[in-house]
Amino acid sequence: MFLIKCPWCGYRDQTEFSAQGEAHIVRPEDPYQLDEEQWGDYLFFRKNPKGIHHERWVHSHGCRRWFNVIRDTATDHIHATYRPDEPIPELSSEETSKPA
Amino acid sequence: MKKQVNRLEHNARLNRRKSIRFWFDNRVYEGYEGDTLASALLANDVHLVGRSFKYHRPRGIYTAGSEEPNALVQLEEKAYTEPNRRATEVELYEGLIAHSQNCWPSRRFDLGAVNSWFSRILPAGFYYKTFMWPASFWMTYEKYIRKAAGLGHSPTEPDPHFYDKTYTHCDVLVIGGGPAGIEAAIAAGQTGCRVILADEKSEFGGMLLSENILINGMPCHDWVDNRIDRLKAMSNVVLLNRTTVTGYYDYNFLVANQRVSEHLGPRISVNSPKERLWKIRTKQVVMATGAIERPLVFADNDRPGIMLASAIRSYINRYSTLPGKNCVILTNNDSAYHAALDIADEGGQVGIIDIRTNPNGAMVESAVSRGIWILANNAITGVGYSRGRLRYIEAMELSDDGLKVVGTKQRMLCDLVGVSGGWNPTVHLFSQSKGKLRFDENHHCFLADQPSPNNPAVLAGSCRATWFPKECMREGHEAGCEAAKCAGFDAFPETDEIKTVQLEYAPQRPLWILPGSHPIGQGRTKHFHELHNDATIGDIQLAVREGYESVEHLKRYTTTGMGTDQGKTSNLNALAALSEIRSLPIPDLGVTTFRPPYTPLTMGSIVGHDCGELFLQIRKTPMHPWHDQAHAVYEDVGDWKRPRYFPLGNETMHAAVQRECRQVRQSGGLLDASTLGKIDLQGRDTRRLLNMLYTNAWDKLQIGRCRYGLMLNEHGMVFDDGVTTRIGEDHYHMTTTTGGAARVMSWIEEWLQTEWPELEVYATSVTEQWAVASLNGPNAAAVLQELTDIPLDEESFPFMSMREGKVAGIPARVFRISFTGELSYEINVPARHGLVLWEQLTETGRKYDICPYGTESMHVLRAEKGFIIVGQDTDGTVTPMDLGMGWLVSRKKQDFLGKRSFDRTDTSRSGRKQLVGLLTENPEFVLPEGAHVVSELKASPPMDMLGHITSSYMSPNVGRSIAMALLKDGFNLKGQTLDVPLMNGTSQRVNVTDPSFLTD
Ligand SMILES: [Zn+2]
C-alpha cells in the first residue's frame, strides 16, 4: 500500500486517496474549435505507459484536494507529488532512467 | 493413559511441572506446557497423524514449524473447529481436541486409500482433464471426487470468537526472532528508535531453541532468555511473539497476524481476541526470517517417521523428545550431522547415509569420533512401512552421475529418518516486497538480490545464507544499526563480543532427487517432492511430456506449491527435477513470485470487528424512530435506510402501496426526503459554475426561486438531476439524487480545483444538516398553514419558489416543488428538529387524511407523471434528448459540460434509444423491469431487441399498469404495438405511448 505525500497534509496511507487517471489533460478553452477526432481524444484517449506516468489523485478521505503524482507504473515508485498550480517537477536523469 | 515413551531426561523448553491432557482421534494423551500438538504426539510415539490429499497415503509429522506440509489436523469441534491446522504450530493446552483429516472411517484403516491403488488413473492434471469431459459427467462425479480429495471441513456454526485489528507505526520492524533478529532489535533499540520484533513462534530464539551449543560459555537457551530480558527492559521495543508477518506491501507497509489467545484454548480465549491483525507502517525493515531445510526426494519418502533432520533437532533440543530408536540421517551436506550428534548425545542409535562420494572434514570427523556409522555415496532406495511405523530402509550405492543406483541392496532396521538437502533461505517476504531474487550457484538456493526502490530492506542471518549463529548475530547487530541509522537514529550501539565453537562445513553434493531401484515414475514406489498436494517427480515428468514445461504451467498442472503450505519444502525440488528433465540450469527456468500471505490467515483475522452491525455503516434520517414505531418496511438506498412503505396491520406491500398512492392524490401524503443530496454553494462565481454544470440557463433565476436541472458528464450523458434554489445574491442550495450526493460533490470539487480555480465558489455538503419532509397532495397547503405564518397563497408563494419562516415553531426553508405532480412543499429544517417537525406534520395531517408514504409509492407517483429517476430510467448512455427533455438544454449558452458531445456522430445519430411509455394490452399485467421489447416475436431467442423496460408499476390512480422503456428510435414508435417476451416463455403485447400517464 502506497504512502502518498499529499501536498497539503503530508504523508498518508493510500486508503485515504483515490486515483483519478492521467493528469494534465486540459479542458479545451472552446470545445467547438476541436474537430470530432480531437474531441474524441480529449474524452476517451489516455496514456498507459510502463514507467513514468503523471496522474491525478484526490485526498478523498482527507482534505479532499486534488493534486498530481509522478509514479513509475512498473515499480510503483512515486517520484513526486505536486499541486495543480505547480509546474511539473523535473526528475533527475538518474530517476527517469531507473530500470523498470 | 500411555506413558510419554519418547521423552528425554532434560526439560528443554517444556514446563515439566505442568502436564496437559489432550485428545487426538478420540484417544487421550498427555504432554507438557510448551509442547506443540506435534511434539506431544511424537513424545507419545504417535507417528501416523493423517492421510494425504489425493492418494490417502499414511502421513506423519515432517517438520517442526510453519512449513509443515503433512501434519494437518482438524482442530477442535463444532463452532470452534478449524481445518488444516499444522500440528507443528498448534500449542498444547488443557483439553485440546484434534482429529486427523482425510481419513474415513479411521486413520489406520482408510477406504480412500484405494486412490493409492488406482493412482495410475489419478495422474497429475486429473482434475483439469476431468473438467474437459462432458459437463454432465463432471456434475455427476464432482461430489464424490470432492469428498475423496480435500482437506478438513469448515465450521458450520458462527465463530464464537472475536478478532481484533490494529494499526501502528515504527522506525524499525525486525521480522524473525532468531539470533540475527534478536541482535538487530537490541542494536536498533539502543539508538532509541521505535522497534517491533515479530516472530511466528510462541517463544523468541529461532534456531537457537533447536540448538544445544554454548554461547560465551552459556547454554544457548539461557543466552536467548538473557537477550530477551534485555529487550523487555527497553520501553521503545515492542515484542510480538506468536506473530507471523504474512504480507509485505509497498512503502514498508506490512501485515502481521498475532495469535493472541489461541494457546489458552477456545473456551478460555472467547473473552479476549483470538487473533489480532497488525497493519504496520515502518521506516525500515530488518528481515531475519531464517531458512527452511530442503528435503531430499527418494522412493516412498512420504512415510511417517521420515522428517527433516532439523525437525529432529527441534524435537530433541526444544521439546525434549526423540521420536525414534533406530535413526538414520540421509544427507547431502554437513549441517545434518548435528542431528546425528544430538541423537547420539541422547543415547539413540544413529547412522548417516551421506550421498556425497567422499564426505570428509571436521563434521565427519566429529561424527566418526562419536562412533556414528557413515555410509557414503549411498541413497535410500526404498522404505518398509507397516501399521503406523517405519520398519526398515533399503540403501544402494549411487552411480557417479547420481542418476542411478548400482550394486546390492542393503536393508537396515530403522524407525526414524532425518533428511537434509541443504537449506533454502526464507526470502518469501523479500520477494513479496518486489525485491528481485537470484539463484546462487554456491549455496544452490535463491537469495535476495535487488531490493525494490520502495522497500529498501536489510537482511541478516540465514535468510541470506549465513549459517552459523555467531555470524548471524554479528549480521543482526549490523543490520539493526544500519536500519536505525536509515530511520534517522545514529547513536552508536554497543557491541557484545560473542564466542561460540563452530566446526566448518564442507560443500554439499548438489543432488536432491535420489534414484530408486526402478527408474523414477515407474514401479510401485513414489518419489514425492510435494507432500501437501501429493505430487511426485513422475507427475513432473508427465507434465513435461504433455508440454507443460514452463514453471508457471508445471506448478498449475502438478499443483506443486499450491497447497496451504505454499510449497515451502517442495518448490525448489520441483525446479531441480524440472532442471534435470529439461537439461537446463535452474536460473534459466525462472522462479515463481512468492505472494502473500506467508502462512494462511483466518477469515476472522482479516475481518476483525468489521462484521455484523459494524460491517457497513447504516445511515438513518432524524425521523427514523417515528418510522420504526409506524412499523415501516425499509429499503437500502446506498447506506441509507429509507421507509419503503408503511403497512397497516397485515397489509401486503402491494396493498399498502396502492393505498398510499391513492391517498396522496386524494387527500395528501408525507414523505421523508431527508436523504436527498444537498450542497450549499456560495461565492460570487456560483452562477457561472451552475451554468457549466447544468444544461439550462441560470442567469435569470431570481432570489427565492427554484429551477430543475440535468447534470451531464463530458460525454453528454445524464448523470444526475435535482432542483437548485437561489437563497441569496451569491448563495444557492443544490439538491441531488440520494445515491448521487457524494458523486456530485466530488464532481463540483474536481472542476473547481483542477480546471476553474479562478472561480470563487465554496461548496459544502449539507445533506445531513437538513431534515426534509415532503408534504404532497390537495390538502398539503391546509396542513402546512396550520403550522406556519408563511403565506401559502398562489401569488405570494408560487410553484418553484422558496420561502423562509417558521414551521411548527422551527426555523425552516420551505420549497414549493413537486415530484408527484401534486401541490407539494418540501419543508427543510435543521436536522436536530426533523423528528419534531415530522411528528407535528403527521399529527396535524391526521384530520386532513394525510398518510406517510415510502419510496415505493414515491416511484409509482412520479412514474404516473412521467418523471424520470436518474440511474433507473437512465444508465449513463442517455442524453437529455433521448429522454425527451431537450427543452431543458439551453440553445443560447456557449458551453456547458457535455454540450460539445451532442455533436459527436454517435450522439447525434438516429436510432438511439429513447424514453417512451408502454401500456400493456392486458391492463392488469405488470411487466418485469429489465424485460426486453421486440418488434418481431419469435418462437425462441434470439430476437431483435429494441430496448428494455426501465420502470413498471401497477398505478391505482391511472387504474392500470404503466411502464417506461428505452427503445431504439422510440419516439417514432409511438402508437405502435410491440411484444415483450417473458422468462416463462409467454409474452405481452404493449402499446408505445408518451411516458406520462396521468394528465390533469
Ligand atoms: Zn490532504
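Below, read A as the first sequence line, B as the second, and so on, with proteins coming before strands; counting in each chain starts at 1. The figures that follow rest on heavy atoms only: side chains count, while hydrogens, waters and symmetry mates do not. The shown structure was predicted, so the numbers you read here are calculated from the model rather than taken from an experiment.
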- Student check: side-chain heavy atoms of A:F44 and B:H715 closer than 4.5 Å: yes

- Message: Main chain of A:T75, side chain of B:N454: is a donor-acceptor contact present, judged purely on distance under 3.5 Å?
- Response: yes

- B:E758, CD: over 12 other non-hydrogen atoms inside 6.0 angstrom: yes

- OH (B:Y249) and CD (A:Q14) are apart, to the nearest 0.5 Å, by 12.5 Å

- Which atoms of A:D13 come close to chain B, meaning under 4.5 Å heavy atom to heavy atom: side chain ones, backbone ones, both, or neither? both

- Query: Is the shortest heavy-atom distance from the side chain of A:M1 to the side chain of B:R281 under 4.5 Å?
  - Reply: yes

- Query: For chain A, which of B:T905, B:N252, B:N713 has the most heavy-atom pairs under 4.5 Å?
  - Reply: B:T905

- Closest non-hydrogen atom pair, A:F2 against B:D250: CE2-OD2, 3.5 Å

- Task: Check whether more than 12 heavy atoms from other residues, nucleotides or ligands sit under 6.0 Å from atom OH of B:Y167, and answer yes or no.
- Result: no

- Message: At under 4.5 Å between heavy atoms, what parts of residues 55-68 of chain A are in contact with chain B? List them by residue number.
- Response: A:R56, A:R64, A:R65, A:W66

- Message: Tell me the closest heavy-atom pair linking B:D903 and A:E36, and the distance in Å.
- Response: O-OE1, 3.8 Å

- Message: Please report the interatomic distance CD(A:Q38) to CZ(B:R900), rounded to the nearest 0.5 Å.
- Response: 9.0 Å

- Item | Whether over 12 other heavy atoms sit under 6.0 Å from A:N48 CG | no

- Message: Would you compute the distance between atom OG1 of A:T15 and atom CZ of B:F253 and round it to the nearest 0.5 angstrom?
- Response: 7.5 Å

- Filtered by a 4.5 Å non-hydrogen cutoff, the part of residues 18-29 of chain A contacting chain B is A:I25, A:V26, A:R27

- Counting heavy-atom pairs under 4.5 Å to chain B, which of A:I78, A:L34, A:D85 comes out on top? A:I78

- So, B:E714 side chain and A:L43 main chain: donor-acceptor pair closer than 3.5 Å or not? no

- Message: Can you confirm whether A:K5 is buried at NZ, in the sense that more than 12 heavy atoms of other residues, nucleotides or ligands lie under 6.0 Å from that atom?
- Response: no

- Item | Heavy-atom proximity to chain A below 4.5 Å, by part of B:L897 | both

- Comparing B:K434, B:E750, B:Q894, B:Q450 against chain A, the one with the most heavy-atom pairs below 4.5 Å turns out to be B:E750

- Task: Go through the atoms of A:P31 and report whether side chain, backbone, both or neither lie under 4.5 Å from a heavy atom of chain B.
- Result: both

- Query: Which answer fits B:K899, side chain, backbone, both or neither, if we ask what part of it has an atom under 4.5 Å from a heavy atom of chain A?
  - Reply: both

